[in-house]
Enquirer: 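Dropping a structure here in structure tokens format, bear with me for questions.
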Amino acid sequence: MDCDPNIHQSPPRQGEEVLDQGKMGLVVILVGAPGSGKSTFCNDVMVAARRPWVRVCQDTIGNGKQGTKLQCQMSATAALKDGKSVFIDRCNIDQEQRVDFVKLSETGADVHAVVLDLPAKLCISRSVKRSGHEGKLQGGRAAVVVNRMLQKKELPKLCEGFSRITFCQNESDVKDAVKTYSALGPSDTLPAGVFGEKSKESKVQLGIMKFLKKVEKPDKDDSGKDIIPDEHVTHDIIPRPASVGNTCTMELENKNEDDVSMNDNSSSQRSFIGDNHGVPTLAFPSISTADFQFDIEKASDIIVDSVSDFLKRFNNVRLVLVDLSVKSKILSLVREKSTKKHIDSSKFFTFVGDITQLYTRGKLKCNVIANAANWRLRPGGGGVNAAIFKAAGKSLENATKECAETLSPGNSVVVPLPSNSPLHLREGVTHVIHVLGPNMNPQRPNCLNNDYIEGCKVLCNAYSSLFANFASIFKDQIRNESKRNSSGISDSHNLFEGTTSTYSHDSDQKIKQEGHYNSEKNKKYKGFPYSHASKDKVSIPHEDHGYVQSEAPSDVLASNKISSNSMSRAIVDCKIGNNKRSAEVRKRTWGAWAQALHDIALNPEKHKDVVMEMSDAFVVLNDMYPKAKKHILVVSRLQGFDCLADVQQEHLSLLKKMHSAGAKWADRFLREDSSLIFRLGYHSVPSMRQLHLHVISQDFDSTHLKNKKHWNSFNTSFFRDSTDVLEEIEKHGVVTVNDDEKLLTKELRCHKCCSAHPNIPRLKSHITNCKAPLPTHLHDGKLVYAPSNCASGTSSNLS
DNA sequence: GTTCTAGAAC
DNA sequence: GTTCTAGAAC
């Protein structure tokens, strides 16, 4: 094997002992796109290695040419038998590609993953530039391949069978990993676990941890040396087999598998139920995995991660995942994963039974139960939603109406359960939290069409929001208890130290909430100041709302992290008497530079030089810094009407007028240049005051389009199509805005073919030549173009 | 929103 | 050395 030219082996060093067969074998599976530096990593380790390594490279294993996966497996097995450690140098980008190599652990070898998760633009730029690549992937073709590959990237997890995973997100991480592996002596081993996994919003997380007055245990000490994970603190450590009687799977199952009664709990299980000794307990069903058909494997990961993060922050609470049958796959998956993650089983466990009869039939006291609600927050529909509304009686329906009319996916709303509700009287449930998760069922509204990137984000949002609301309920309870009891409760009893949102625990009392931002939070959201219907509303003291919606920002949730923002930054939508949102809450303040449109709209006669059209409702003008060949603004003249969050049902006719005016101007431009295609829409969070509709040609051919923010503000969901806005107002009376600031810093992708590009100049050079049509989702009435222009494949809808 | 500029990336 | 980004200032 040593003579095999396809196997790249580091030379044995003087005095180096050869390992016994299979005794200390180590397989390191590299994971990364072309250009991520896998081969360089292997070579760098092997040059300085203190143990014999073999690099198995699929690009060259077939007599110097590309070979097969099987050849790689066979070579790796042979090398291990020969006492060598092995690098599997291929992309291994998803679980399916890795599974056969993970099986090498059957030889007795330890299997590690080293993930070179470097920025897409870096991989692309390296791949495009390189020459003499073993796999012949270089030049223009490389960008396409890297793009395609990154779209199916699936990061490795311990549960795949790895004993150690090292994530490298920048060059410095890679250097550290090279150092770690090259320093490995013949009989050395590395600690098991996950290392270097940083949330993409590490800056945010830092702020969060500070905000919560907790310090996250770092992966490395000051010297940069790996710290061996402490199983009681670190969560991503190698799973141990759960020992009998010491497992977090304390499920209260029935002996009869299909019987949902809960009277037959074994004595060993019983200690976890009964009186909750005042420990706030939330029972919740699995969100979206039933009728909404969300993949249970992914859902179970999200549940376990969300729970784990929540329990890291709060001690004196219990969370219980409930399902009807002992055969429930989601329960068994969650049990298995929470055991692997060593989640404290007294704080989180699964429970088989009816969520509406947890105490009377299961002796499990839960103060709060979550409902997998529908967006209308109405009874019916079967499943948990129907059961909870039925069990709670009309009072839950009425209480819900008092609090909220609709719910958007990824959000939750707390409804205090009136004391006359049977669910309150019989089961001791004081609050129901309605949660709406993502829908993957094409038969149901808002189906995500198998988009699990978005789906996972929304499901994370849903759980984070749920747990945040649960936390908020009990923070206030403690505060109120302290007030009532003159002896007081010491601060150390306050579960929610560091969080800011507060609730009344009195279920018949209207919810009150107040929030405070520390300076760091204000700084973080500096770029996204919101008016009353937006996320910053928590900073506004409220005295008389009807309900609280809590939402975790997706930037945090993208990494399955529960957000402390969601603990403190509850969204407050107001409903006062006449069902209208309150406009009394403090409005966003605008900088001097943001007033230009406002001044023009209110005094158009003073700006005749720039105003192209004027009516009582709006003015039309060229964007001063057009981001395309044609880019105009239709600006509302209604005073105090600054952004989409201000929009209510009564503004529908105004927005229709603005749309018609914009479409008319687009048609006028098309008569001058029939090659143009226009899109009409609003920025979710505008920079300029006074609501304005952008009418922009899709060439984006402008010197004023200079940075990522410019591009992404027109080419991500930050841009809300006017037709969608009108439809939402008609249906719901309000407009949802995607105000996730991450949208504006996303990687640069062509709006037609979706390819990624490393910087603005490269993107602009690409889009001038890209011949792909605009994506099909825009063809649903969102584009305006000349009938003669077949480029978009449909006809104009607005002429 | 833009401009300016330090410093990172190339 | 030049190009490009991102944050501060306005």
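Letters A, B, ... mirror the listed sequences (proteins, then strands); counts begin at 1.
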Enquirer: What about the rings of A:His683 and A:Phe714, do their centers lie closer together than 6.0 Å?
Expert: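 Yes.
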Enquirer: Nucleotides 2-6 of chain C: which of its N/O atoms have a protein N/O under 3.5 Å away?
Expert:
from	atom 1	to	atom 2	distance (Å)
C:dT5	OP1	A:Ile760	N	3.1

Enquirer: Under a 4.0 Å threshold between the charged nitrogen and the carboxylate oxygen, would A:Asp642 count as salt-bridged to A:Arg689?
Expert: yes
Enquirer: Please answer whether the main-chain N or O of A:Val45 pairs with a side-chain N or O of A:Ser182 as donor and acceptor at a distance below 3.5 Å.
Expert: no
Enquirer: Check each residue of residues 617-628 of chain A for a non-hydrogen atom within less than 4.0 Å of any atom in DNA chain B, then write out the ones that pass by number, or none.
Expert: A:Tyr625, A:Lys627
Enquirer: Verify the ring-centre separation between A:His751 and A:Phe700: is it less than 6.0 angstrom?
Expert: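 Distance test on ring centres: under 6.0 Å, yes.
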Enquirer: Do the ring planes of A:Phe41 and A:Phe87 sit parallel (below 30°), tilted (30 to 60°) or perpendicular (above 60°)?
Expert: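 The rings of A:Phe41 and A:Phe87 stand perpendicular, inter-plane angle above 60°.
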Enquirer: Assess whether side chain to side chain contact (heavy atoms under 4.5 Å, CB included) is satisfied between A:Val174 and A:Leu118, documenting all intermediate values.
Expert: CA-CA 9 Å; A:Val174 176; A:Leu118 281 82; 4.1 Å; yes
Enquirer: Using a cut-off of 4.0 Å on non-hydrogen atoms, how would the nucleic acid contact of A:His710 be classed: base, sugar-phosphate, or nothing?
Expert: sugar-phosphate
Enquirer: What orientation do A:Tyr625 and A:His704 show, parallel under 30°, tilted 30 to 60°, or perpendicular over 60°?
Expert: perpendicular
Enquirer: With a sphere of 6.0 Å drawn around CE of A:Met612, does it hold more than 12 non-hydrogen atoms of other residues, nucleotides or ligands?
Expert: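 For A:Met612, atom CE is crowded (more than 12 foreign heavy atoms under 6.0 Å).
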Enquirer: Is any side-chain nitrogen or oxygen of A:His704 closer than 4.0 Å to OP1 or OP2 of B:dG1?
Expert: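 For B:dG1, OP1/OP2 do not have a side-chain N/O of A:His704 under 4.0 Å.
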